[in-house]
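Inspection log for the structure reproduced underneath, given as structure tokens.
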Amino acid sequence: MDPSTLDPHLYARGRIRAADHAAAWRGGDAAAMRSWQRRARRRLARQIGLPPAPTPASAPVVAERRSLDGYDRAALEFDTRPGMRAFAYLLEPRGDARERPGVLCLPGHGRGVDSIVGIGEDGGQRALGSPGEYQADFALQCAAHGYVVLALEQVSFGRRRDARAAATGPEASSCARDAAAALMLGETITGWRVWDAMRALDVLAGTRGVDRRRLAVMGISGGGLTSFWTACLDTRVRAAVISGYFNTFADSVLAVDHCPDNYVPGMLGVMEMPDMAGLVAPRALFVESGRLDPIFPLEGFVAAVDRARSIYAAHARPEAFGWAMFEGDHRFDGEAAFAFLDARMRPPARPTDL
């Protein structure tokens with residue numbers, strides 16, 4: 001008897017390599033690619049258990065307002081579906097009457113949304129653009145770049161954890177319990193989070209002073225997952241910045257131990273992650289990864305980037321895809337990302353600005 005047949009990991013790896021990605025991107029002329037996008041979006045929406053019809057978010061309720069150095073911050077709550085309420089921070093830079101682009105920012109595992117808006121564990125507030133730990137205060141950096149920001153607390157993190165996780169510590173999540181509940185309901189935690197992100201885009205697009213034609217998403221790790229899937233499924237997103245997530249499923253979540261919130265039943269029968277770039281194209285997409293990231297390995301990132309580059313070339317929009325590898329591990333970098341985003345989200349200069 002071959003002892004390798006007793007190893008379920010080897011069995012799974014063989015099946016992963018042989019998986020038939022039935023809805024993979026296959027190119028073609030412009031009409032064929034648009035037709036594929038329509039079919040693939042419907043398939044992915046079903047795969048993650050999105051509700052069949054959109055119900056807009058409720059009008060946000062302002063829980064707190066603060067005037068800070070160079071911007072105003074409001075704590076908001078709004079309903080995303082019956083029985084589900086979301087928390088977010090709205091950051092509005094001061095000093096320009098023109099409509100601004102809006103960016104939806106999503107944190108990964110950790111303390112939740114406080115960390116990306118620069119609120120320390122002691123409650124102290126970092127200044128605009130100052131670096132943080134692990135995932136940095138990139139929502140605060142977006143405000144420093146002049147964007148109106150909605151920083152959303154994701155399901156299972158921060159204020160949106162169950163009581164048991166909240167009692168464990170500031171970085172504990174309720175992902176495992178929530179992901180299991182979603183699966184038993186025939187849904188996924190990815191679907192819950194993407195739906196929340198879509199409803200958060202409703203709120204951002206409806207915010208006074210935001211140009212709803214220039215909306216972006218940005219996220220790290222689990223926030224990168226939600227940002228990427230949201231950009232694939234919601235065409236209101238003009239640009240997406242994905243940090244510490246873009247890879248192949250085979251090299252990342254199927255090769256390294258990950259939180260259960262990363263898994264979508266049957267996804268390998270649909271497509272691999274790099275093919276999903278075809279659902280964002282020809283809209284702008286930027287991806288970054290640390291060379292030493294242990295959970296989204298470099299080999300998978302390079303393979304995914306090569307696939308995405310070919311997809312954007314087929315759309316005749318190679319410049320709409322950007323990528324960066326930085327020295328470091330699983331964290332947000334942003335240096336090249338902000339240059340890419342600014343180039344695509346800034347309004348044309350007014351004559352008086354020239």
Side-chain angles (χ1 to χ4, degrees), residues 8-54 179 182-195 197-198 224-235 237 240 242 245-256 258 260-283 285 287 296-297 299-317 321:
H9 177 70
L10 294 178
Y11 167 76
R13 294 303 295 176
R15 292 195 62 185
I16 289 165
R17 286 191 295 269
D20 177 21
H21 311 306
W25 182 87
R26 290 187 171 84
D29 60 20
M33 289 191 287
R34 287 194 298 270
S35 177
W36 173 83
Q37 287 178 328
R38 288 191 294 270
R39 295 193 310 273
R41 285 196 184 102
R42 289 194 296 268
R43 178 74 180 270
L44 258 62
R46 291 195 305 270
Q47 210 74 29
I48 62 175
L50 286 189
L183 290 172
M184 291 293 282
L185 291 166
E187 301 168 11
T188 64
I189 200 73
T190 294
W192 288 8
R193 290 174 176 169
V194 168
W195 184 261
M198 290 176 168
L225 181 159
T226 305
S227 296
F228 185 44
W229 283 74
T230 300
C232 289
L233 293 171
D234 194 325
T235 57
V237 175
I242 313 302
Y245 175 70
F246 191 66
N247 212 279
T248 68
F249 292 127
D251 290 311
S252 59
V253 300
L254 295 172
V256 182
H258 274 263
D261 62 357
N262 283 280
Y263 302 95
V264 173
M267 189 59 198
L268 280 186
V270 182
M271 66 182 73
E272 249 286 4
M273 191 193 304
D275 290 312
M276 293 170 63
L279 293 171
V280 183
R283 293 169 292 137
L285 174 63
V287 298
F296 290 95
E299 180 182 359
F301 177 71
V302 171
V305 164
D306 286 346
R307 178 67 164 163
R309 290 175 69 187
S310 69
I311 290 171
Y312 273 79
H315 280 270
R317 290 290 308 279
F321 177 72

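Numbering starts at 1 and runs along the sequence shown.
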Residue pair Asn262, Phe249: steps toward the side-chain contact (heavy atoms from CB on, under 4.5 Å) verdict
CA-CA 10 Å; Asn262 283 280; Phe249 292 127; over 6 Å; no
Would you find a donor on one side and an acceptor on the other, under 3.5 Å apart, between the side chain of Trp36 and the backbone of Ala23?
yes
Beyond-backbone contact of Thr190 with Tyr263, side-chain heavy atoms, under 4.5 angstrom
no
Testing the basics here: between Tyr312 and Ala277, what is the closest heavy-atom pair and its distance to 0.1 Å?
CE1-O, 4.0 Å
Quick one: closest heavy-atom pair of His9 and Leu254, and the distance?
CE1-O, 4.4 Å
Looking only at heavy atoms, which two atoms of Thr248 and Pro274 are closest? And how far apart?
CG2-CG, 3.9 Å
Between the side chain of Arg317 and the main-chain N/O of Ala281, is any donor-acceptor distance below 3.5 Å?
no
Would you say that Met276 contacts Val280 through its side chain, given a criterion of any heavy-atom pair below 4.5 Å between the two side chains?
no
Please give me the minimum heavy-atom distance between Asn247 and Ala304, naming the atom from each residue.
O-CB, 3.4 Å
Please confirm whether the ring centroid of His258 lies under 6.0 Å from the ring centroid of Phe296.
yes
Measuring only between side-chain heavy atoms, which start at C-beta, is Arg34 closer than 4.5 Å to Arg38?
yes
Considering all heavy atoms, the nearest Met33-Gly28 contact
CE-O, 3.7 Å
Give the C-alpha distance, both sets of side-chain angles, the deciding distance and a yes or no for side-chain contact (heavy atoms from CB on, under 4.5 Å) between Met273 and Phe246.
CA-CA 7 Å; Met273 191 193 304; Phe246 191 66; 4.2 Å; yes
Side-chain donor-acceptor contacts of residues 228-235 below 3.5 Å, not counting sequence neighbours, with atom names and distances?
from: Trp229; atom 1: NE1; to: Tyr245; atom 2: OH; distance (Å): 3.3
from: Thr230; atom 1: OG1; to: Thr226; atom 2: O; distance (Å): 2.6
from: Asp234; atom 1: OD1; to: Arg236; atom 2: N; distance (Å): 3.0
from: Asp234; atom 1: OD1; to: Arg236; atom 2: NE; distance (Å): 3.0
from: Asp234; atom 1: OD2; to: Arg236; atom 2: NE; distance (Å): 3.2
from: Asp234; atom 1: OD2; to: Arg236; atom 2: NH2; distance (Å): 2.7

Does the side chain of Leu183 come within less than 4.5 Å of Glu187's, by heavy atoms?
no
Show the numbers, then the answer: is there a side-chain contact (heavy atoms from CB on, under 4.5 Å) between Leu50 and Met198?
CA-CA 11 Å; Leu50 286 189; Met198 290 176 168; 4.0 Å; yes
More than 12 heavy atoms of other residues, nucleotides or ligands under 6.0 Å from CZ of Arg41: yes or no?
yes
Output, in order, the C-alpha distance, side-chain angles, deciding distance and verdict of salt bridge (charged side-chain N to carboxylate O under 4.0 Å, His left out) for Arg193 and Asp261.
CA-CA 10 Å; Arg193 290 174 176 169; Asp261 62 357; 2.7 Å; yes
When every non-hydrogen atom of Val237 is compared with those of Arg283, the smallest separation belongs to O-NH1, 2.7 Å
Short question: side chain of Glu272, backbone of Ala24 - any donor-acceptor pair under 3.5 Å?
no
Value rounded to 0.5 Å, distance of CG in Leu225 from CD1 in Ile189:
10.5 Å
Evaluate the side-chain contact (heavy atoms from CB on, under 4.5 Å) criterion for residues Arg26 and Asp275: first the C-alpha distance (whole Å), next the side-chain angles of each, then the deciding distance (0.1 Å), finally the verdict.
CA-CA 9 Å; Arg26 290 187 171 84; Asp275 290 312; over 6 Å; no
Gln47 side-chain N/O to Pro265 backbone N/O, donor-acceptor pair under 3.5 Å:
yes
Less than 4.5 Å apart, side chain to side chain, heavy atoms only: is that true for Leu44 and Ile48?
no
